[in-house]
Amino acid sequence: MIRENLQVVQKNIKAACARSGRSETSVKLIAVSKTKPVAMLWEAYEAGCRDFGENKVQELIEKYEQMPKDIRWHMIGHLQRNKVKYIVDKVWLIHSVDSLRLAEEISKEAVRKNVKVSILVEVNVAGEESKFGVTTQDAVSLVEEIAKLPNIVIKGLMTIAPYVENSEENRLYFAKLMQIYVDIIHKNIDNVFMEELSMGMTGDYEVAIEEGATYVRVGTGIFGERQYLNV
Ligand SMILES: *Cc1c(COP(=O)(O)O)cnc(C)c1O
């Protein structure tokens with residue numbers, strides 16, 4: 001089941017790349033495995049997945065310990081400052097940095113553990129009140145401030161688009177994130193390497209690719225619907 005789902009997603013990624021004149025290798029698929037048991041992660045691993053996304057620190061660490069060490073773990077959920085210390089040396093990329101205070105904590109722990117931590121700045125492009133992320137107006141100045149911190153490397157931007165029935169409705173938000181990304185590139189800020197745009201989920205990753213995504217984060221499309229117990 002997971003293997004077949006992955007094949008479908010990969011085929012769709014390939015088609016979206018072809019439609020937009022992009023090379024297939026310019027888009028990386030993150031298998032968002034939050035709430036799913038390790039057995040399912042193994043299935044995805046055996047089908048070739050090496051990038052996994054989690055949104056809770058505790059769950060990420062538990063899975064990190066049980067899974068092979070060649071996996072690239074992506075922290076995609078809201079991160080509390082008091083939990084930063086548990087993951088700085090375990091994650092490949094933190095997608096959800098949206099404040100200077102959080103970035104300072106990441107930097108401090110990275111210095112202490114003598115590692116460099118790659119991050120994306122999360123932007124709330126649609127201005128949804130329920131979502132985390134810096135506003136579009138403050139994104140560039142936040143990048144400039146974070147860039148001054150030691151042992152933290154800004155690799156790009158991330159957004160979580162609104163939940164919509166028709167993925168076309170999110171196209172303008174993906175285009176907006178791309179525009180901010182290009183603005184930042186033109187500023188040539190030291191210690192900022194704009195290489196990644198993390199945007200697009202199960203419902204809208206094809207549109208996100210057409211608008212320039214380099215990382216798409218797909219959960220349901222690979223692992224099936226999530227069941228949240230005890231809520
Ligand atoms: C859960 C989640 C996803 C994956 O969502 P699906 O709709 O299941 O693909 C992607 N990004 C973030 C930040 C998430 O929390």
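When a ligand or atom number is given, it counts from 1 through the structure's own listing order. Since we're looking at a predicted model, the values are computed, not measured. Index from 1, following the sequence. Only heavy atoms go into these numbers, but all of them, side chains included; no hydrogens, no water, no symmetry mates.
- Taking the ring axis of F52 as reference, the NZ or CZ atom of R72 does not stay both within 45° of it and closer than 6.0 Å to the ring centre.
- A cation-pi arrangement is present between K28 and Y215, with the terminal nitrogen or guanidinium carbon under 6.0 Å from the aromatic centre and inside a 45° cone about the axis.
- Residue-ligand proximity: R226 is placed with a non-hydrogen atom under 4.0 Å from ligand 1.
- For ligand 1, the atoms lying closer than 4.0 Å to a non-hydrogen atom of K34 are 1 (C), 2 (C), 3 (C), 14 (C), 15 (O).
- In this structure, atom 12 (C) of ligand 1 lies nearest to the protein heavy atom I76 CD1, 3.5 Å.
- Proximity to I160 (heavy-atom distance under 4.0 Å) selects the following atoms of ligand 1: 13 (C).
- Under the 4.5 Å side-chain heavy-atom criterion for grouping Ile, Leu, Val, Met, Phe, Trp and Tyr, I185 is connected to V123 within one hydrophobic cluster.
- Looking only at side-chain heavy atoms (C-beta outward), V9 and Y205 come within less than 4.5 Å of each other.
- Between K131 and E122 there is no salt bridge, since none of the side-chain N atoms of the basic residue sits less than 4.0 Å from a carboxylate O of the acidic one.
- A side-chain N or O of E196 and one of T214 form a donor-acceptor pair less than 3.5 Å apart.
- Remark: ligand 1 atoms within the under-4.0 Å shell around heavy atoms of V218 are 9 (O).
- Of all protein heavy atoms, the one closest to atom 9 (O) of ligand 1 is T202 OG1, 2.4 Å.
- Within the cation-pi definition used here (under 6.0 Å to the ring centroid, within 45° of the axis), K69 qualifies as a partner of Y64.
- Proximity to G219 (heavy-atom distance under 4.0 Å) selects the following atoms of ligand 1: 4 (C), 6 (P), 8 (O), 9 (O).
- The shortest contact between atom 5 (O) of ligand 1 and any protein heavy atom is with M201 CE, 3.5 Å.
- Protein heavy atom at the shortest distance from atom 11 (N) of ligand 1 is R217 NE, 2.8 Å.
- Regarding atom 8 (O) of ligand 1, its nearest protein heavy-atom neighbour is T220 OG1, 2.5 Å.
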